[in-house]
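Note sheet for the following structure.
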Protein chains: 2
Amino acid sequence: MRSSAKPPSAKLPAKPRRRTARAPAAKPYHHGDLRRVLIDAALQLVGEGGPDAVSVREAARRAGVSPGAPFRHFPSRDALMNAVAEEAQRRFRAEIEAALAEAPASTPANKPLGRFRCLGLAYLRWAMRNPTHFEIISSRRFFDHDEAAGVSQDNAELIDLTERTLAEAFAQGQLRSADLKQVQIAGRALVYGFARMNIDGHFPRWGVAGADAERTAEAILDLFIEGIAKVPGKSA
Amino acid sequence: MRSSAKPPSAKLPAKPRRRTARAPAAKPYHHGDLRRVLIDAALQLVGEGGPDAVSVREAARRAGVSPGAPFRHFPSRDALMNAVAEEAQRRFRAEIEAALAEAPASTPANKPLGRFRCLGLAYLRWAMRNPTHFEIISSRRFFDHDEAAGVSQDNAELIDLTERTLAEAFAQGQLRSADLKQVQIAGRALVYGFARMNIDGHFPRWGVAGADAERTAEAILDLFIEGIAKVPGKSA
DNA sequence: TGTGAATGTAAGCAACGATTACACGGGTTG
DNA sequence: CAACCCGTGTAATCGTTGCTTACATTCACA
């Protein structure tokens with residue numbers, strides 16, 4: 001991976017120059033906030049080549065630090081990936097909630113389940129535009145499964161939000177089925193499936209971050225909503 | 001991985017015993033059909049620990065062969081994984097087509113889209129019962145993307161089958177929407193999403209190969225079909 | 001001002017994918 | 001029957017990886 005091309009002789013010859021001089025950034029022994037930088041580097045690596053492209057050594061390399069340094073902050077590669085996935089999940093949730101905050105609580109009459117639709121749309125948009133980041137948050141293997149409850153609070157919050165939105169729609173008599181659990185799982189499966197099909201390479205025709213993907217995503221989301229909505233749509 | 005515990009001295013001391021004697025399986029220099037055995041071993045490794053658990057060396061170890069031997073048959077690990085994925089895909093397709101062959105072409109009147117349902121059900125069942133194998137056929141990265149057309153004939157065949165089945169249902173006036181492409185993608189996304197959520201650990205409550213998974217899968221498939229079917233169901 | 005804990009480096013381990021040189025032996029030829 | 005060729009296996013090796021241990025440095029607090 002990336003032969004780094006640095007002649008080992010050019011290693012700044014270790015002259016013990018007084019650190020208190022006016023060059024404050026002259027390779028201080030202690031990195032400012034290595035943990036943060038490592039997560040960022042790993043996040044970038046994920047963005048470039050997916051989860052498998054993340055190596056502890058490469059992250060250390062990009063942080064300008066020795067190969068063993070990361071292990072002071074993360075006991076294992078998995079722990080690093082865990083932190084990376086948590087960060088991605090945080091951003092994912094933040095964007096979805098922001099999109100939902102913009103949409104008014106009042107659902108337009110001719111667009112039933114408006115908030116649910118908005119939720120799904122924000123989900124799909126983020127997944128389409130950040131495929132590799134979505135990949136690491138979708139595979140739950142990157143999250144800690146040791147904690148009894150834990151396992152990504154952000155994700156549980158998102159699922160809760162979906163359930164509440166759906167229950168809301170049902171309370172307003174917009175749903176055909178009363179089995180909310182099933183509708184919710186079906187909805188999640190649809191959206192999740194589309195997002196994963198995209199990152200798994202099932203839509204080879206679409207270029208990277210193609211607008212086709214987002215339009216199709218919107219279309220099938222509407223198809224699904226139409227299918228679960230109470231009033232049968234009178235037109236296609 | 002698996003320290004193998006074999007003292008290197010016990011290596012059968014290379015006495016050139018005449019091979020034509022009555023011990024035909026006395027470690028012949030040439031393995032019978034190594035390629036086949038390697039694929040099987042890798043398939044087994046996938047079954048045990050997912051795609052990441054496959055290493056060329058371990059496959060070689062299980063085949064009782066030196067670490068370099070596999071590279072006579074596969075130019076790289078990716079090539080081996082490719083062959084493994086193709087094999088899994090073949091089995092997947094075979095089972096689905098068998099299930100479909102058992103189902104009669106005549107769809108029961110009160111079960112519209114019967115063949116489509118049968119198709120989806122067979123898909124989901126195989127995915128639930130062979131999660132790790134489904135994983136390697138779902139990630140298209142294990143397939144050759146060099147070939148212009150290729151890319152797993154079995155998969156293309158399966159997609160064709162889905163399209164034909166759906167077109168058939170439409171021709172019989174069973175579909176609400178005329179946009180078959182959308183319905184097909186939505187259906188694939190739903191089923192694919194459910195299968196992937198299962199293998200990605202989104203349903204932690206279900207034990208391995210739990211029957212819950214299959215029942216829920218059936219339920220959401222029916223929910224979807226009800227949503228796209230022309231005649232609205234009169235009860236939940 | 002000193003000292004311990006936090007945080008970095010250096011060196012090294014085993015396992016991995018992959019390459020190279022070499023050894024074996026079955027099948028086709030003369 | 002004999003000679004050879006080439007497909008297939010072995011052995012040794014390289015560079016990279018995750019991870020550990022021993023040591024060095026520096027920050028924060030007493």
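Chain naming here is simple, since letters A, B, ... match the order of the sequence lines and numbering starts at 1 in each.
- The CZ-C1' distance, from B:Arg57 to D:dG15, rounds to 12 Å in whole Å.
- Relative to the side chain of A:Leu34, the nucleotides C:dG8, C:dA18, D:dT10 differ in distance, and C:dG8 lies closest.
- When distances run from any side-chain atom of B:Val56 to the nucleotides D:dG9, D:dG18, C:dG17, the shortest one goes to C:dG17.
- If you measure from atom CE of A:Met81 to atom P of D:dT17, you get 15 Å, rounded to the nearest angstrom.
- Considering only residues two or more places apart in sequence or on other chains, A:Arg36 meets the salt bridge (charged side-chain N to carboxylate O under 4.0 Å, His left out) condition with A:Asp40, A:Glu87.
- The CG atom of A:Asp52 sits 14 Å away from the C1' atom of C:dG17 (whole-angstrom rounding).
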Listed pairs, N/O of protein and of nucleotides 20-22 of chain D, under 3.5 Å:
{"residue": "D:dA22", "atom": "N6", "partner": "A:Arg72", "partner atom": "NH2", "Å": "3.1"}

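- Taking the ring centroids of B:Tyr123 and B:Phe92, they lie under the 6.0 Å cut-off.
- Remark: P of D:dG9 and CZ of B:Phe74 are 11 Å apart, rounded to the nearest angstrom.
- At the phosphate of D:dG7, neither OP1 nor OP2 sits under 4.0 Å from any side-chain N or O atom of B:His73.
- Of the side-chain N and O atoms in B:Arg77, one or more sit less than 4.0 angstrom from OP1 or OP2 of C:dG17.
- One distance of note links CZ of B:Phe134 with CD1 of B:Ile199; it measures 6.0 Å at 0.5 Å rounding.
- Note that the CG atom of A:Leu124 and the CG atom of A:Leu119 stand 9.5 Å from one another [nearest 0.5 Å].
- Figure legend: A:Arg140 and A:Phe143 shown as a cation-pi pair, the cationic atom lying under 6.0 angstrom from the six-membered ring centre and within 45 degrees of its axis.
- Here the straight-line distance linking atom CG of A:Leu221 with atom CG of A:Leu121 works out to 6.0 Å at 0.5 Å rounding.
- Distances shorter than 4.0 Å separate some side-chain N or O of B:Ser55 from OP1 or OP2 on C:dC16.
- Applying the 4.0 Å criterion to OP1 and OP2 of C:dC16, one finds that B:Arg61 has a side-chain N or O inside that range.
- Distance, A:Leu45 CG to D:dG18 C1': 15 Å, rounded to whole Å.
- Residue order along DNA chain C, read from the 5' end via each residue's closest nucleotide, puts A:Arg35 first among B:Asp78 and A:Arg35.
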Inset, instruction - Show your reasoning for whether salt bridge (charged side-chain N to carboxylate O under 4.0 Å, His left out) applies to A:Glu58 and A:Arg61. - result: CA-CA 5 Å; A:Glu58 179 63 20; A:Arg61 225 168 277 139; 2.4 Å; yes

